There are 2 protein chains.
Amino acid sequence: MNAAKSAPKRNTWQREAVREALGESDGFISAQSLFSTLRDGGSPIGLATVYRALSSLAVEGEADSLQSPDGESLYRACSSTSHHHHLICRNCGLTVEIEADPVEEWAQKVASANGFTQPQHVVDVFGLCRDCSATDRVVKAAD
Amino acid sequence: MNAAKSAPKRNTWQREAVREALGESDGFISAQSLFSTLRDGGSPIGLATVYRALSSLAVEGEADSLQSPDGESLYRACSSTSHHHHLICRNCGLTVEIEADPVEEWAQKVASANGFTQPQHVVDVFGLCRDCSATDRVVKAAD
DNA sequence: CGCCTTATTGATAATGATTGTCAAAACGAT
DNA sequence: ATCGTTTTGACAATCATTATCAATAAGGCG
């Protein structure tokens, strides 16, 4: 296909601000939250811009994105550009990047075994991290 | 706390209609789609009711729910109450229930390796089913 | 160093899914 | 059939995200 119609990306302090704010954050954060954070920090950045920057970063592989159980898109600075997944503490939000080679293979295999092509997969593990496991305080009770 | 404040569930044709429509559907379907389908079928059911019925069924375990890459909540009649995952055509919605033993193990292993307990995982594979792969219609190009 | 082209921004409107509201209708036991 | 409660449904209200579009600024060029 076309090698790269790549629209000549420009460098703006806005994009940089988003990139940095993402880096500051410990775990996944929503566009709205990031926007608030930046604004609180005095940045006059616009909401739409934050959304654009985030999805842009996500596409470029500089950020990871997933959807909260409420359907919100959450973002996180991506340390490695390679494909990976996450282990997330459902109590404190601590996130660990994990590799999932076995799963990659499995996904491919299952997909083709059923005649599916272009498989993409959503693989995330939620649990309680060491600390939260120790403390049995449970935040929102598993009904 | 109270063992089960379980509100005395009543039987309405609406809930039944939703349950049945879910069964008819081949794959995951959104509340909006299900609503349209029912309306097209002549049912005067209300939109809010469909939403309520679906989340109710999901809670009771009669339906599975997941979120499309766009953040929409999708539902599907749950055939087996046992743990399983899905292979979903992102074009036509065809869904195949799949087992993921290797993944179950992997999730367990990775979780404990990082000190996490009570691991739960979200594992779903999206792709193009055989038919949709053949017809090159759609496929909004994988950029 | 200024100019020019064009990507980017940002305030705001628009969209779209989902939930809340609340009076009216339906369910189920009596 | 009657009564107390649950459920419904039309519609407003939320909320996140995207589209609009004029104004701004980034980068290349002379």
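As the structure is a computational prediction, the values presented were derived from the model and not from experiment. Quick note on labels: first sequence line is chain A, next is B, and so on, each numbered from 1.
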Q: Find the distance Leu54(A):CG to dT18(D):C1' and express it as a whole number of Å.
A: 14 Å
Q | Of Gln14(B) and Arg52(B), the one whose closest DNA chain C nucleotide lies more 5' | A | Arg52(B)
Q) The side chain of Ala48(B) lies closest to which of these nucleotides: dA17(C), dG20(C), dT12(C)? A) dG20(C)
Q.
Please determine whether a side-chain nitrogen or oxygen atom of Arg39(A) lies at a distance below 4.0 Å from atom OP1 or OP2 of dG10(C).
A. no
Q: For Phe35(B) and dA10(D), give me the distance from atom CZ to atom C1', rounded to whole Å.
A: 10 Å
Q: Have a look at Ser73(A) and say if it touches a base, only the backbone sugar-phosphate, or nothing, with a 4.0 Å heavy-atom cut-off.
A: sugar-phosphate
Q: Can you figure out which of dT18(C), dC27(C), dT6(C) approaches the side chain of Arg10(A) most closely?
A: dT6(C)
Q.
Are Leu47(A) and Gln32(A) packed together at the side-chain level, in the sense that at least one heavy-atom pair is separated by less than 4.5 angstrom?
A. yes
**Q.** Residue Glu60(A) excluded, over 12 heavy atoms near CD under 6.0 Å
**A.** yes
Q: Would you indicate whether Glu24(A), at its atom CD, is surrounded by more than 12 heavy atoms from other residues, nucleotides or ligands within a distance under 6.0 Å?
A: yes
Q. What is the distance, rounded to the nearest whole Å, between atom CG of Leu34(A) and atom P of dA16(D)?
A. 14 Å
**Q.** Distance below 4.0 Å between Thr12(B) side-chain N/O and dT8(D) OP1 or OP2
**A.** yes
(Q) Under 4.0 Å, heavy atoms only, any strand: does Gln32(B) hit a base, just the sugar-phosphate, or nothing? (A) base
Q: Choose from dT18(C), dG10(C), dT7(D) the nucleotide whose nearest atom is closest to any side-chain atom of Leu47(B).
A: dT18(C)
Q. Is a side-chain donor-acceptor pair under 3.5 Å present for Gln108(B) with His121(B)?
A. no
Q | Spacing of Glu16(B) atom CD relative to dT8(D) atom C1', expressed in whole Å | A | 16 Å
Q) Whole-Å distance between dG28(D) P and Lys9(A) NZ? A) 15 Å
Q: Give a yes/no answer on whether the side chain of Thr49(A) brings an N or O atom under 4.0 Å of OP1 or OP2 in dT8(C).
A: no
Q) So does Tyr51(A) get a side-chain nitrogen or oxygen closer than 4.0 Å to the phosphate oxygens (OP1/OP2) of dT17(D)? A) yes
Q: Rounded to the nearest angstrom, tell me the gap between atom CH2 in Trp13(A) and atom P in dG27(D).
A: 15 Å
Q | Toward the 5' end of DNA chain C, by each residue's nearest nucleotide, Glu72(B) or Arg15(A) | A | Arg15(A)
**Q.** Sequence neighbours excluded, every pair satisfying salt bridge (charged side-chain N to carboxylate O under 4.0 Å, His left out) that has a member inside residues 66-86 of chain B
**A.** Arg76(B)-Glu97(B)
Q) How close or far is atom P of dT17(D) from atom CD1 of Ile29(A), stated in whole angstroms? A) 12 Å
Q: Calculate the interatomic distance between Asn11(B) atom CG and dT8(D) atom C1'; express it in whole Å.
A: 15 Å
